[in-house]
Amino acid sequence: MRDCRQALHDGLARALESDAKVILLGEDLVDPYGGAFKVTRGLSTAHPQRVIQTPISEAGFTGLATGLALGGWRPVVEIMFGDFTTLCVDQLVNHAAKFHRIYGIPVPLILRAPMGGRRGYGPTHSQSLETLFLGIDGLAVVSANELLPLDQLLSESILQARGPVLFVENKSMYGRPNLEPDADRIDPFAIRREGSSGRELLLSPCGFSRADLTIAAHGGMVPIALEAATALAMEDEIFAEVHAACELFPWVPDPLSASVSRTRALLTCEESFPEFGWGTGIAAKLHEAVPGARIARIGSRSGSIPAMRTAEERILPQVRDLVEAARNLLKGDTR
Amino acid sequence: MIIAIEVARQDSNSEDFLLVSWLMPDLSQVRKGQVVCLAETQKTVIEVEAPCDGVLVQLLPESHRGRFNAPVAAVGKDEPECLGWRDSMRSAPAKSEVAATRKAKSLAERHGIDLAEIVAQGIVGEKEVEDHLRAKGLLGNSWGHPGDLASPRRRVLVIGAGLGAMQAVDILLNDPLVEVVGCLDDDTSLAAVRILGAPVLGTVSIVGELWKRGAFDQAVVAVSNDVHIRRRLFLACKEHGIPMANAIDPTARIQRGAKLGEGNVICAHCHVGVGASLGDNNFLSAYCSAEHHTRWGSHISTGPGCLTSALVEVGDLVRLGTGIFLEPGASLGEGSVVASGAVFGGHLKPGHILKVSTRTQAIPLDRGGAK
């Protein structure tokens with residue numbers, strides 16, 4: 001089984017091979033270094049003209065990429081750490097996201113950014129800042145997770161983009177195995193692939209025979225949510241359906257709405273600070289769609305993310321936090 | 001116990017590491033924190049430490065490459081244990097255990113069923129085991145499981161044999177569908193005592209054994225005065241997957257939409273209002289009211305006559321004295337204590353006590369002395 005790093009690498013390679021207009025930009029991308037997380041390793045050797053190493057100037061090369069996209073290229077920008085997306089907000093929000101709306105010209109720009117902590121990288125290299133970009137009309141936000149066919153997800157995002165896309169990767173995902181495409185199980189979970197593109201996953205630890213609760217997660221929180229759902233089933237016979245969300249914005253209602261209609265209880269979990277973010281947004285959506293559903297949100301605790309691992313663990317949401325939140329949500333329930 | 005030693009991934013640039021050298025020989029005594037080997041990645045050399053005191057057993061030889069987060073060695077208590085571990089690691093991976101819930105395992109064990117016989121999609125739950133037992137005709141005649149309609153009488157074990165237990169047994173005796181099998185108490189002087197006819201069967205330590213033998217269907221914690229002991233006893237039962245009974249006096253009124261967890265003792269003339277919710281393992285003494293839409297946590301204990309108004313929230317492990325009024329919207333934080341006679345409408349922080357200063361004085365009626 002390929003790891004997620006290799007699958008993303010293969011997705012980039014596939015995009016470069018199938019369209020001569022695909023071009024990679026970013027810091028330290030070329031061999032032998034091959035990018036800070038080694039996703040682009042080998043690509044500059046295979047395509048020396050189309051893997052371009054840039055100076056340390058995120059605003060500059062995101063602007064350059066926007067221009068390339070307007071000019072008919074399909075640029076793929078790598079932001080070394082997702083925290084540095086703050087440097088290209090103006091280019092993304094005020095330019096790339098606007099041009100294709102104002103002028104009707106495609107702006108097929110992909111911005112890849114590794115978010116997330118659990119690596120001991122400290123306060124400004126561990127955040128999950130995708131929430132900053134949710135709700136910007138014209139800017140799509142996609143969050144990859146290890147259960148999706150990442151090779152296909154990334155190459156299709158590049159080759160089919162019409163407007164700018166923030167493609168969020170998670171650092172903890174790179175070394176983990178990428179589930180085989182079309183797998184319908186990851187034990188003990190059965191998987192349903194839903195949404196128009198099959199990117200929205202719903203998982204059940206009991207073959208969808210019953211469900212007491214829906215847990216929504218994306219990116220690096222997906223394996224943590226699965227671990228929590230396993231513990232809840234084993235310890236308490238609380239059977240949770242886990243929604244692994246991919247298209248964060250624009251929001252895709254199903255399968256989440258359908259699942260919460262069944263369970264009437266939703267726990268959102270994200271690695272970001274949970275206030276006014278992704279979980280809050282879908283909590284509001286689900287509150288409108290399923291009146292009376294019980295909803296709880298969890299995310300990181302208040303405070304900057306420390307470099308010391310044990311201190312970092314106290315800030316970022318852990319399996320036990322999800323289990324406890326789920327138990328509290330269902331407390332007093334007569335089931 | 002044997003504890004595996006793994007090399008944690010320290011940088012994103014390396015997929016594996018080279019085990020450069022063992023600093024401690026195989027099967028030697030090591031101390032916790034002692035560096036036992038050196039592992040080299042693309043960027044760094046990692047000093048790998050022993051996780052505890054004991055005997056070191058090596059698995060990965062020097063100059064071999066290893067994967068992160070997989071055992072390279074272990075520390076055990078003695079040589080045989082270490083060699084056994086190494087053999088098991090080197091032989092083919094063990095047959096994967098059937099994923100089953102705690103309740104499912106407990107039920108299967110009580111009926112001597114191999115979980116591997118059960119076909120389930122995903123995790124095997126209690127329901128699947130019951131279905132399996134029913135299909136085999138093993139469930140339905142004898143004293144069955146509480147979920148089994150063929151045996152309507154529930155056999156309830158009372159945890160505790162003090163004054164609270166007497167109240168709980170009294171409540172349970174009113175229910176024709178309940179049989180009180182006995183009580184357990186750590187006070188061995190109660191060994192020969194009967195609580196309203198229910199025998200004291202032994203100390204709480206035997207609860208798991210009784211459960212495995214199928215001696216009862218549900219349990220309830222009857223200790224009323226110490227919420228921490230209530231919680232400990234409740235968790236000890238849940239550790240074995242034991243379902244907990246609600247003991248509700250027939251004079252108590254539980255209104256529509258009220259929700260109760262399990263293991264609650266609700267004494268005479270209590271009231272649980274519309275839409276109120278109680279967690280698990282609470283002890284409500286007589287004449288208490290959980291008024292409509294109040295939310296009560298778990299492991300709470302009250303004295304008699306505690307009245308809540310609407311929308312009150314009572315946290316876990318709260319202790320209430322006697323004769324307390326809680327005004328609409330009041331909240332009591334986890335582990336807080338409210339003294340008898342309080343009238344309170346605010347928010348009491350977790351771990352705080354609400355004291356009441358009412359002055360009372362006893363004065364002899366015949367103060368004049370003349371008779």
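These figures come from a predicted structure and were not determined experimentally. Letters A, B, ... mirror the listed sequences (proteins, then strands); counts begin at 1.
For a residue to count as touching a neighbouring chain, one of its non-hydrogen atoms must lie under 4.5 Å from one of that chain's; by this rule A:Thr230 touches chain B with backbone and side chain alike. Neither the backbone nor the side chain of B:Asn246 comes within less than 4.5 Å of any heavy atom in chain A. With a 4.5 Å cut-off on non-hydrogen atoms, A:Phe208 does not touch chain B at all. Using a 4.5 Å cut-off between heavy atoms, A:Ala233 touches chain B through backbone and side chain atoms alike.
A salt bridge is absent between B:Glu126 and A:Arg210: the closest approach of a Lys/Arg side-chain nitrogen to an acidic carboxylate oxygen does not fall below 4.0 angstrom.
Around CD of B:Glu47, the count of heavy atoms belonging to other residues, nucleotides or ligands within 6.0 Å does not exceed 12. Counted within 6.0 Å of CD1 on A:Ile56, heavy atoms from surrounding residues, nucleotides or ligands total 12 or fewer; the atom is thus considered open. Summarising the local packing, CD of A:Glu313 is surrounded by more than 12 heavy atoms from other residues, nucleotides or ligands at distances under 6.0 Å. Environment of CZ in B:Arg231: sparse, with no more than 12 heavy atoms of neighbouring residues, nucleotides or ligands closer than 6.0 Å. The number of heavy atoms from other shown groups lying within 6.0 Å of CZ (B:Arg295) does not exceed 12.
Going from atom CG of B:Asp280 over to atom CZ of A:Arg327 covers 11.0 Å, rounded to the nearest 0.5 Å. Going from atom CD1 of B:Ile123 over to atom CG of A:Leu232 covers 9.5 Å, rounded to the nearest 0.5 Å.
With a 4.5 Å cut-off on side-chain heavy atoms, A:Glu237 and B:Lys127 do not count as touching. Using a 4.5 Å heavy-atom threshold, the side chains of B:Val124 and A:Met234 count as separate.
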